[in-house]
Number of protein chains: 2
Amino acid sequence: MANTARIAPASVVQTATTKVHEVIKQRILDGHYQAHEYIREANIARELDVSRTPVREALRELVSEGWLEMIPHHGSRVTAWTEKDAREVFELRLVLEPMAVRMASERMTRECLTKLEAMASHMEQLTEMADTTPSIRNEIASINHEFHRELIHASGNQRLGAVLESVVRTSVIRRNFSHYDLASLRRSMRHHREILEAIKVGSPLWAEQIMSAHLLAAKSLNGRFSDSAES
Amino acid sequence: MANTARIAPASVVQTATTKVHEVIKQRILDGHYQAHEYIREANIARELDVSRTPVREALRELVSEGWLEMIPHHGSRVTAWTEKDAREVFELRLVLEPMAVRMASERMTRECLTKLEAMASHMEQLTEMADTTPSIRNEIASINHEFHRELIHASGNQRLGAVLESVVRTSVIRRNFSHYDLASLRRSMRHHREILEAIKVGSPLWAEQIMSAHLLAAKSLNGRFSDSAES
DNA sequence: TTGTCTATTGTTGTATGCAATCTTGGGGTT
DNA sequence: AACCCCAAGATTGCATACAACAATAGACAA
């Protein structure tokens, strides 16, 4: 492990490849690139003022991460998501997120719990303003996303976090509560509270089951693309 | 979807990059490259008689898939596995494989079941010869691996398969039953049979629970690196 | 002896040119 | 009209050259 120590944090080193990678990823997320749209190496290279080499390397990475699909001698295009994809992702979340909560409840620290409770409180406050100010829902969605991430992180299983991150990323595109009525929004907030309660009293099973319910409730509100909605 | 139809199967097209990718992956699997060993671009390029460009592209892919870790301006080396990694992987398997079996039991086809039963029979036969011919255990391990893969595939959730593949691959390095006593080996075979029975009578829960037991039993036999053993 | 600076060397990062491949459109044939 | 063939254009795949960076060893000073 002596080697590991002197390794520079890869994230701070900005190579042309990482730059291209980030730009393309961002453009996919914000809809600048649409599903099935081809990304031509020469175009993006000219745009970002680099050669095709770092572009190609970034594309390879994005393919491995599932953002793009590449056909040899044909090109790379943005992966499109079908209903089947949505279903598959939801099925995985429905197993992995409850697992994360169960594990988190077995090793939760005092400060992490405090942090989560603060987030829950914040979301509850915002919820009561959601009806008058629609844009608030975006803010709730953002905090909610962080809440789930924090819980997963608290599971202590890094791979679990990585898997969920890579599998759920599709949903990042549109994460909001715009289709929630106030009652459903409040129920969602109560779920958060209940999960934290279960963790506090040391009941992994309780926490796990509420998380399942939490996800299933969200799914029922979202129709077809249920998994891509926040929960 | 008109586009999708005319897309050539990427797997049959052999580019230099895919060749390098496969060679390095194989060398990691069979131990030719050891943990923490650096893979120098120029070396492998010279060896496989290609330029550094496809080598670099292959390395990027292997990094994304978790086989290598890359430090900018420093190099790529084989990722080493700690006990923590082993634990994390086992925890994920323990959730995902039972899930796969449950789902598989809800959509199992006649022919797939027949195929699985044939594999189970074959393994049972080999098991009775395992004591006299130790090398047989390798063959059992190989079939067993296929058995599990087939079950996961039958779940109908492609992502689940991809996740398990990417997460469990570490265990591929040494998959054998060499540390199983005959009784444990027989129990493992009975588990396979029981899973198939549960599927046949349409009891997803039964199948799921046996799979859990199957994995936990395997873990108990393997001590520290339990997850890297076959099950 | 220890620490620091620097030249050297090895390795990776990027640009560019060319080869290989695929797509497309036009002309010809049936 | 439908089909096939082929050539031109577009795009990716790969090789090579060079630039940027990091590690190392040796000289020199404290």
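Here is the naming used below: chain letters follow the sequence lines, and residue numbers restart at 1 for every chain. Values reported hereafter were calculated over all heavy atoms of this structure, with side chains retained and with hydrogens, waters and symmetry mates removed.
- The base of D:dT12 lies outside donor-acceptor range of the side chain of A:Ser76, with no N or O pair under 3.5 Å.
- Partners of B:Glu106 by side-chain hydrogen bond (donor to acceptor under 3.5 Å, both in side chains), not counting sequence neighbours: none found.
- Contact detail for B:Val89 and B:Val167: the closest heavy-atom pair is CG2-O, 3.4 Å.
- Every side-chain contact (heavy atoms from CB on, under 4.5 Å) that B:His122 has, sequence neighbours left out, goes to B:Leu126, B:Glu139, B:Ile143.
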Every protein N/O lying under 3.5 Å from an N/O of nucleotides 6-8 of chain C:
none

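- Considering only residues two or more places apart in sequence or on other chains, A:Val63 meets the side-chain contact (heavy atoms from CB on, under 4.5 Å) condition with A:Leu68, A:Met70.
- Listed by chain and number, the residues in a salt bridge (Lys or Arg N to Asp or Glu O under 4.0 Å) with B:Glu117 are B:Lys200 (sequence neighbours excluded).
- The stretch residues 42-51 of chain B comes close to DNA chain D through B:Val50, B:Ser51, each having a heavy atom under 4.0 Å from the strand.
- In this structure, B:Thr15 does not reach the D:dT12 phosphate: none of its side-chain N or O atoms is under 4.0 Å from OP1 or OP2.
- Rounded to whole Å, atom P of C:dC22 lies 15 Å from atom CE of A:Met70.
- Every residue two or more places apart in sequence or in another chain that forms a salt bridge (Lys or Arg N to Asp or Glu O under 4.0 Å) with A:Glu41 is listed here: A:Arg52, A:Arg56.
- When the nucleotides C:dG13, C:dT11, D:dG13 are ranked by their closest atom to the side chain of B:Arg40, C:dT11 comes out on top.
- Residues satisfying the ring pair (Phe, Tyr, Trp, His ring centres under 6.0 Å) test with B:Phe147, not counting sequence neighbours, are B:His192.
- Candidate nucleotides D:dG13, C:dG13, D:dA15 were compared by shortest atom distance to the side chain of A:Glu41, and D:dG13 ranks first.
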Using atom names, set out every protein N or O paired with an N or O of nucleotides 18-21 of chain D below 3.5 Å, distance rounded to 0.1 Å.
none

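- You'll find the ring centres of A:His148 and A:His153 outside the 6.0 Å limit.
- Note: CZ (B:Arg77) to P (D:dA23) measures 12 Å, nearest angstrom.
- Taking atom OH of A:Tyr38 as the reference point, atom P of D:dA10 lies 18 Å away to the nearest angstrom.
- What separates NE2 of A:His74 from C1' of C:dT24 is a distance of 13 Å, to the nearest Å.
- Just one residue in the list A:Leu94, A:Leu216, A:Leu151 forms a side-chain contact (heavy atoms from CB on, under 4.5 Å) with A:Met211, and that residue is A:Leu151.
- Listed by chain and number, the residues in a side-chain hydrogen bond (donor to acceptor under 3.5 Å, both in side chains) with B:Arg46 are B:Asn43 (sequence neighbours excluded).
- Atom CD1 in A:Ile39 sits roughly 11 Å away from atom P in D:dT12 (whole-Å rounding).
- Remark: P of C:dA15 and CD of A:Glu57 are 11 Å apart, rounded to the nearest angstrom.
- Contacts of B:Ser105 classified as side-chain hydrogen bond (donor to acceptor under 3.5 Å, both in side chains), with partners at least two apart in sequence or in another chain: none.
- With rounding to whole Å, A:Ile71 atom CD1 is found 15 Å from D:dG13 atom C1'.
- For a distance-only test at 3.5 Å, the side chain of A:Thr53 qualifies as a donor-acceptor partner of the base of C:dT16.
- Counting only residues at least two apart or on different chains, the salt bridge (charged side-chain N to carboxylate O under 4.0 Å, His left out) pairs with a member in residues 144-162 of chain B are A:Asp85-B:Arg159, A:Glu88-B:Arg159, B:Lys115-B:Glu150, B:Glu146-B:Arg149, B:Arg149-B:Glu165.
- Look at B:Arg56 and you won't find any side-chain N or O under 4.0 angstrom from OP1 or OP2 of C:dT12.
- As a whole-Å value, the separation of B:Lys19 NZ from C:dA20 P is 16 Å.
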